[in-house]
Amino acid sequence: PEVPVGAILAGAAARYGDRTAYLHNDRALGFSQVYRAACRFANALRAHGVGTGDTVAVHLPNCLAYPVAYYGILLAGATFTPANPLLPPADLAAQLADSGAVAAISSGPAAEVLAGVQDRTAVRLVVVVDGESGPGRTEFERFHAGQPETPPEVAIDPRTALAHLAYTGGTTGRSKGVRLPHRNVVVNSLQYACWGSGSVPVLEDGERLGLDQVGSEDEWPSRLGTGIAINLTPWFHAMGTIGGLNVPMLTGGTIVLQDGFDPVRYLADAERLRVTQLGGAPALYAALLACPDFATRDLSSVRSLSSGAAPLPHEMLKALGQRFPEAVISEGYGLTEVTMGATANPTFRSAVRKPGTVGVPVFDTEVKIVAPEGGEEPLPPGEPGEVCIRGPQVMTGYHERPEETAAVLVDGWLHTGDIGVLDKEGYLSIVDRKKDMLLYKGYNVYPRELEELLMSQPGVASAAVVGRRRADVGELPVAFVVRRGDAGTEEDLMAAVNANVLPYKRLRELHFVDAIPVSAAGKILKRELRARLEA
Ligand code: ATP
C-alpha cells in the first residue's frame, strides 16, 4: 500500500493499544504510548522548523527513545538517517555531512563525539537522551513535552518522499548513503511481516495500516503476535530498522531491549520471559552456542529462529536444529540497497525450507543470476553468478553518487555484488561476495567454501579466509581460525581441509587467532584481516 511509514505506527496504536511494544529492564512502553510520544516529537521538530525535505540523524543505541525519535521524524515529513553511536569522530563527521542532516538525536558519550564534529556538518539542532539540556542541546523529554498528541499535517508522496537515508554496513569499504522512499520501507516491512506471520495487510482508514492474521499459530510458528523476542540487532542497520522496528509494529509482539550483549543474561532473560522467537546475525548464534547456559536453560517457549546479514555456517545450522527440533529455522538474505531483504525461507510449518539456502524471493520480488563479468542475460539454474534483484523495495539510488548508482541499477535490476546460485525450484544460495572472491591462476576460489570446511573440523569456533596477493599467481588463500577446545596444530588443520579440496583452492597459510573482527551488524571485516597480511 502506498502510505507513509507513520501509517504502520498509527495502525499498531489502533490495533494493539496499551499492549507492551517495548520492554527495557523494568520499563514498558505500549503501542499507543509510542504513537502519542512520536506525534509529540514530530510536532516539536516542526516547531523548530524541521520538516518535509529535511534530514534528521538518530545517533543512538537501541533504547526506548529510539522508536519515538524514528517515527517522530517520519511523522514530521522529514527523512531519517541512522548513525552508529560508536562511529569514530572522522567517520561520523563524514557520514553526517554526506547526509546533510540538520538535526540529530544522540546520547551519552556519543553526544560528546557529535559535539566535537558538529561544526563540520549541517546539524543545527541537537536533542540528547539521558543527558542535560545545555548550550546548543535540548534534553529529549523536555524537547517534546507538552506538544500535541496528534500527527502534524504533512503532505508527502510515499512513492518519492525519502523515509530513510540509510548507510551500508561499510564491510567492504566506505559506506554509501542509500535512498529509500516511504513506499520501500512500508513494502519491505509488509513483505517480511506477511512472510513470517501468516497475515495479509489491511488499510483501515487510509492512514492506518494493519495485518489480518490467517491460519493458526501452529501453522505459522514464526508469528510474533502475542509473542516476545529479544532484539539485539542494531536499529541503525537495515535488519534492525525493518526487522526490529517496523515488522514487530505490524505483527504486534513485544520487543525486549538489552544494553550490550551478554549471552548469559540473554539466555536468562529468554528463559524468564518465555521468549518465542530468536533472531539475529550468525554472530549471535555463534556466541549462544559457545555459552554453556545454552544447553541448560529452559528454552521450550522458542517457536522460531531467524538469521540474516551474513552466512549461517552449516555446522551452526545443524547445532541449532538439534537444540530446537520443534522450531522453524529460517535464513533470509538482503542488503541495505533493498531496504532490508529480498528472500527468506518460508516460515509456515508445512513449507519447504532448504537448509543452506536463503530461501525464495518475498512477494513482488524477482531474483536472477547473471555472469559475474557482466551482462543482463539470466544464467540457468545451478550456475553461480551475480545475484540481481528487482522489486518495490529496491533503492532509488545512492545519495549523490550517480556513477555508482548507474553501475548497480540497470532497468530496475539491482546488481548486488554477491555471487549466488538458484536451484530449479527458485531457492537461492549465497556463494560469496564478489569482492571477497579470490583469483588464483585464473581460477575463482570462494573463501566461503574453505570457511565451511574449516568450521566442520573439531575444535574450530569460527574461521575466515582472505587472499594474500602474489604478483606471479594472483591471490593465495590464507585462513584465520578461532579455536574452541582442541583443534590440533595449525599444520594439521590446514592438511585436514586441503585433503578435501581441489589443488588450486588449497589453503597456503593458517593462523590461530583469539578473535576475528566483526562489524556492528555482525559481519566479518575481511579488509582488516587483509590489512594484517599486508602489515
Ligand atoms: P558495504 O556495502 O558498505 O561494504 P555491507 O555489504 O556489509 O557493506 P549491508 O547492506 O549491511 O552492507 O550488507 C549486505 C550484505 O550482507 C550482502 O550484500 C551480503 O553480502 C551479506 N548478506 C546478507 N545476508 C546474507 C546471508 N544470509 N548469507 C550470506 N550473506 C549475506
Side-chain angles (χ1 to χ4, degrees), residues 82 84 87 91 94-95 98 164-180 184 188 192 233-243 279-285 305-314 316-317 329-345 353-362 367 372 384 386-389 393-395 398-399 401 404-405 407-408 414-421 427-437 446-449 451-452 464 517-528 530:
N84 177 348
L87 278 181
D91 294 353
Q95 186 179 312
D98 187 79
H164 295 184
L165 178 53
Y167 282 78
T168 61
T171 310
T172 60
R174 201 153 72 84
S175 68
K176 299 175 283 277
V178 168
R179 295 175 66 86
L180 302 165
N184 289 47
N188 206 221
Y192 280 87
T233 319
W235 286 339
F236 56 77
H237 184 261
M239 201 163 134
T241 340
I242 304 300
L284 166 76
Y285 294 115
L305 292 85
S306 58
S307 176
L312 183 66
H314 299 317
M316 233 190 254
L317 186 59
I329 306 180
S330 166
E331 184 176 2
Y333 159 76
L335 59 166
T336 312
E337 287 86 337
V338 299
T339 311
M340 172 184 77
T343 74
N345 268 288
R353 280 171 292 284
K354 295 195 183 177
T357 77
V358 293
V360 291
V362 289
V367 170
E386 183 168 7
V387 180
C388 300
I389 299 165
Q393 74 273 50
V394 171
M395 67 167 180
Y398 291 119
H399 185 57
R401 292 166 186 257
E404 281 166 275
T405 302
V408 298
L414 174 81
H415 289 242
T416 62
D418 290 313
I419 301 290
V421 58
Y427 283 69
L428 178 68
S429 300
I430 302 299
V431 178
D432 219 321
R433 283 175 187 257
K434 212 162 133 180
K435 282 187 184 158
D436 289 339
M437 190 176 81
Y446 295 111
R448 191 174 163 199
E449 182 188 341
E451 288 159 5
E452 289 283 357
V518 286
S519 73
K523 300 172 203 229
I524 294 180
L525 291 170
K526 295 206 167 174
R527 58 190 154 84
E528 288 190 11
R530 278 184 215 110

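Whatever order the structure lists them in is the order used to number ligands and atoms, beginning at 1.
- Close approach to I430 involves these atoms of ligand 1, each under 4.0 Å from a residue heavy atom: 29 (C).
- Under a 4.0 Å heavy-atom criterion, G332 is in contact with ligand 1.
- By the criterion of a heavy-atom distance under 4.0 Å, the side chain of V358, and not its backbone, is placed next to ligand 1.
- Looking at heavy atoms from C-beta onward, E337 lies out of side-chain contact with V408 at the 4.5 angstrom threshold.
- Counting atoms of ligand 1 from 1 in the listed order, those under 4.0 Å from a heavy atom of E331 are 26 (C), 27 (N), 28 (N).
- Distances from ligand 1 to the non-hydrogen atoms of G170 include at least one value under 4.0 Å.
- Nearest protein heavy-atom neighbour of atom 10 (O) of ligand 1: T336 OG1, 2.6 Å.
- Scanning all protein heavy atoms for the shortest distance to atom 30 (N) of ligand 1 gives P311 CD, 3.6 Å.
- Evaluated by nearest non-hydrogen atom to atom 24 (N) of ligand 1, the leading choice among S307, A309, A342 is A309.
- Taking each of K523, K176, R433 in turn, the one with a heavy atom nearest to atom 6 (O) of ligand 1 proves to be R433.
- When the options T171, T416, I419 are evaluated for a side-chain contact (heavy atoms from CB on, under 4.5 Å) with R433, the one that passes is T171.
- For atom 12 (O) of ligand 1, the closest non-hydrogen atom of the protein is G169 N, 3.1 Å.
- Among all protein heavy atoms, the one lying closest to atom 11 (O) of ligand 1 is H237 NE2, 2.8 Å.
- Distances shorter than 4.0 angstrom do not occur between any heavy atom of A238 and any atom of ligand 1.
- Of all the heavy atoms of D418, the ones lying under 4.0 Å from any atom of ligand 1 belong exclusively to the side chain.
- Counting heavy atoms closer than 4.0 Å to ligand 1, residue A521 contributes nothing at all.
- Of the protein's non-hydrogen atoms, T171 OG1, 2.3 Å is the one closest to atom 7 (O) of ligand 1.
- N188 places a side-chain N or O within 3.5 Å of a backbone atom of M340 that can act as its donor or acceptor partner.
- At least one donor-acceptor pair under 3.5 Å links the side chain of T343 to the backbone N or O of V358.
- The backbone N or O of V394 sits less than 3.5 Å from a side-chain atom of N184, completing a donor-acceptor pair.
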